[in-house]
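Structure, as structure tokens:
The structure presented is a predicted model; accordingly, all values stated were derived computationally and were not measured. Numbers restart at 1 for each chain; the letters A, B, ... are given by sequence-line order, proteins then strands.
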Number of protein chains: 2
Amino acid sequence: MTLSEPEQAFVLHWGEMGTRWGVNRSVAQIHALLYLADKPLTAEEITETLSIARSNVSNSLKELLSWRLIETTSVLGDRRDHFTAITDGMEMATRIVEGRRQREFLPTLSTLATLVEDARGDEATSKQSADRIAETLNLMRQADDWYREMRTLPPRVQSTLLMMGAKIAKLIPGTGKS
Amino acid sequence: MTLSEPEQAFVLHWGEMGTRWGVNRSVAQIHALLYLADKPLTAEEITETLSIARSNVSNSLKELLSWRLIETTSVLGDRRDHFTAITDGMEMATRIVEGRRQREFLPTLSTLATLVEDARGDEATSKQSADRIAETLNLMRQADDWYREMRTLPPRVQSTLLMMGAKIAKLIPGTGKS
DNA sequence: CGTTAATTTCTGTTTTTACTGAAATAACTG
DNA sequence: CAGTTATTTCAGTAAAAACAGAAATTAACG
């Protein structure tokens, strides 16, 4: 597979984006490529198109699979794995968020939880410090609770909420300006 | 300033968190320290407490100032700068999000915008590719629009929305289950 | 069951990013 | 304005992450 000028620019930019948001450049590039591709690609094709080492492609694909951003599809009469990216943008975003939640957010939540205990039970720690650590935990928990609730809503409702934006606030009693 | 065991653990963990979310470790550590501190600290004190080079502290503080996560306070009879972190968690979160938006998100938005133009006007690029790049842009724009609307709401309303979570969906006509 | 193709693991290299410490500059003080 | 003290810049070093290529493993096929 050969990329046109703009396609190439997109892939490169996506890779750059990745690095700034804590995603490996190769991983992001491969994801972008599969997102644009009009047919399932083999690891070999990816290697050639992006000029990155075969081993690197292999590992990056595994990573993308674990994020559930790509899937393998079998092609009849070909024993090699073929890869496709999920194409629904909303779903993509959801899975990225969910991935980061599992890998970074939840572990931090539990670390902070024990840390709050430690701080409260340690007389060398000021009440203020303990409280601030606790507040951090609370805020993150609140955000997580909110996320978990939103996740239960059907996608249609999610996009409605997104589209309506701040107008929603007007529906809630007691939050008006007056 | 000396840190208790749990305080130290918090600072270290916060630094680790930072690296995973694209924030420099020293920057995050210093932020955590100032967040816990019960009084404004000088650069010198930070250097001693965290054992990181003076120059590093200086640059990190400048970084934190540019994110508006810390402020300088003058102490009478002392010509050195003293630093304090903002303590309201919600406000902290807001400023971090706003910072990343300005630095990463908006630039990407404009890059993608020109990229969509390029792709549409380039006959070597398939319609599908161009559409997918465009969809990516649209989704990111939608998210940004939503964010901008939310930002206009008074903090009280913001937390209400956060607390009510999915219950909000029930208020919106046409998004019910049936 | 041996051969070939495909994939993965592993070790060493390269690249990038973070950090230090010295030197330069700037800001204040008597 | 000479002497200090505080801050910043900068060049070099160290640490971390990403990556390549060879070697090893696994899976398919006749």
Side-chain angles (χ1 to χ4, degrees), chain A residues 11-34 40-67 70-84 100 103-104, chain B residues 11-34 40-67 70-84 100 103-104:
Chain A
V11 168
L12 289 177
H13 182 73
W14 209 247
E16 218 44 53
M17 279 266 296
T19 61
R20 300 193 175 280
W21 293 92
V23 177
N24 178 286
R25 178 184 283 110
S26 309
V27 172
Q29 282 186 359
I30 292 173
H31 181 225
L33 172 60
L34 290 173
L41 301 180
T42 65
E44 199 57 41
E45 288 174 297
I46 296 170
T47 297
E48 286 158 12
T49 309
L50 300 181
S51 317
I52 57 186
R54 184 53 236 278
S55 56
N56 192 5
V57 170
S58 177
N59 291 327
S60 300
L61 286 171
K62 216 193 313 179
E63 176 89 3
L64 286 168
L65 284 170
S66 80
W67 284 74
I70 64 171
E71 288 159 0
T72 58
T73 45
S74 327
V75 169
L76 207 70
D78 192 340
R79 62 197 252 208
R80 292 170 303 175
D81 271 337
H82 291 244
F83 299 88
T84 54
R100 289 205 73 97
R103 285 151 223 246
E104 328 282 1
Chain B
V11 168
L12 289 175
H13 182 74
W14 209 245
E16 219 44 55
M17 278 267 295
T19 64
R20 302 195 174 278
W21 293 92
V23 176
N24 179 287
R25 177 184 284 110
S26 309
V27 172
Q29 283 186 358
I30 292 174
H31 181 224
L33 172 60
L34 289 174
L41 300 181
T42 65
E44 199 56 42
E45 287 174 298
I46 296 171
T47 298
E48 285 158 13
T49 309
L50 301 180
S51 316
I52 58 186
R54 182 56 234 276
S55 56
N56 193 5
V57 171
S58 177
N59 290 326
S60 300
L61 286 171
K62 217 193 314 180
E63 176 89 2
L64 286 168
L65 283 170
S66 81
W67 285 74
I70 64 171
E71 288 160 1
T72 57
T73 44
S74 327
V75 168
L76 208 68
D78 192 340
R79 59 195 255 212
R80 292 170 302 176
D81 271 337
H82 291 243
F83 300 89
T84 53
R100 289 204 75 97
R103 284 151 224 247
E104 328 283 0

Whole angstrom value for the distance that separates [atom2] of [N] from [atom1] of [X]:
X     : N      : atom1 : atom2 : answer
B:E45 : D:dA6  : CD    : P     : 12 Å
A:L50 : D:dA20 : CG    : C1'   : 15 Å
A:R25 : D:dA16 : CZ    : C1'   : 15 Å
B:E44 : D:dT7  : CD    : P     : 8 Å
B:L61 : D:dA6  : CG    : C1'   : 13 Å

Between A:N59 and A:R79, just flag the one whose closest nucleotide in DNA chain D comes earlier from the 5' side. A:N59
Note: chain B reaches DNA chain C at heavy-atom distances under 4.0 Å over the stretch, first to last nt, 5' to 3', of C:dA18 to C:dC28
Closest-nucleotide ordering on DNA chain C, the 5'-leading residue of A:T42 and A:E16: A:T42
Does atom CZ of B:R100 have more than 12 heavy-atom neighbours, drawn from other residues, nucleotides or ligands, at distances under 6.0 Å? yes
Respond yes when some side-chain nitrogen or oxygen of B:R80 is under 4.0 Å from OP1 or OP2 of D:dA6, and no when none is. yes
I want to check one thing: is the phosphate of D:dG21, taken as OP1 and OP2, less than 4.0 Å away from some side-chain N or O of A:N56? no
If you round to the nearest 0.5 Å, how far is CZ of A:R54 from CD of A:E48? 10.5 Å
Rounded distance (nearest 0.5 Å) linking atom NE2 of A:H82 with atom CD of A:E45: 7.0 Å
Using a cut-off of 4.0 Å on non-hydrogen atoms, how would the nucleic acid contact of B:T19 be classed: base, sugar-phosphate, or nothing? nothing
Considering every strand and a 4.0 Å limit on heavy-atom distances, what is the contact class for A:S60: base, sugar-phosphate, or nothing? nothing
Can you tell if the side chain of A:V75 reaches within under 4.5 Å of the side chain of A:T42, non-hydrogen atoms only? no
Are B:L61 and B:I46 close enough that some pair of their side-chain heavy atoms sits under 4.5 Å apart? yes
If we ignore hydrogens and angles and just use 3.5 Å, is the side chain of A:T47 paired with the main-chain N or O of A:A43 as donor and acceptor? yes
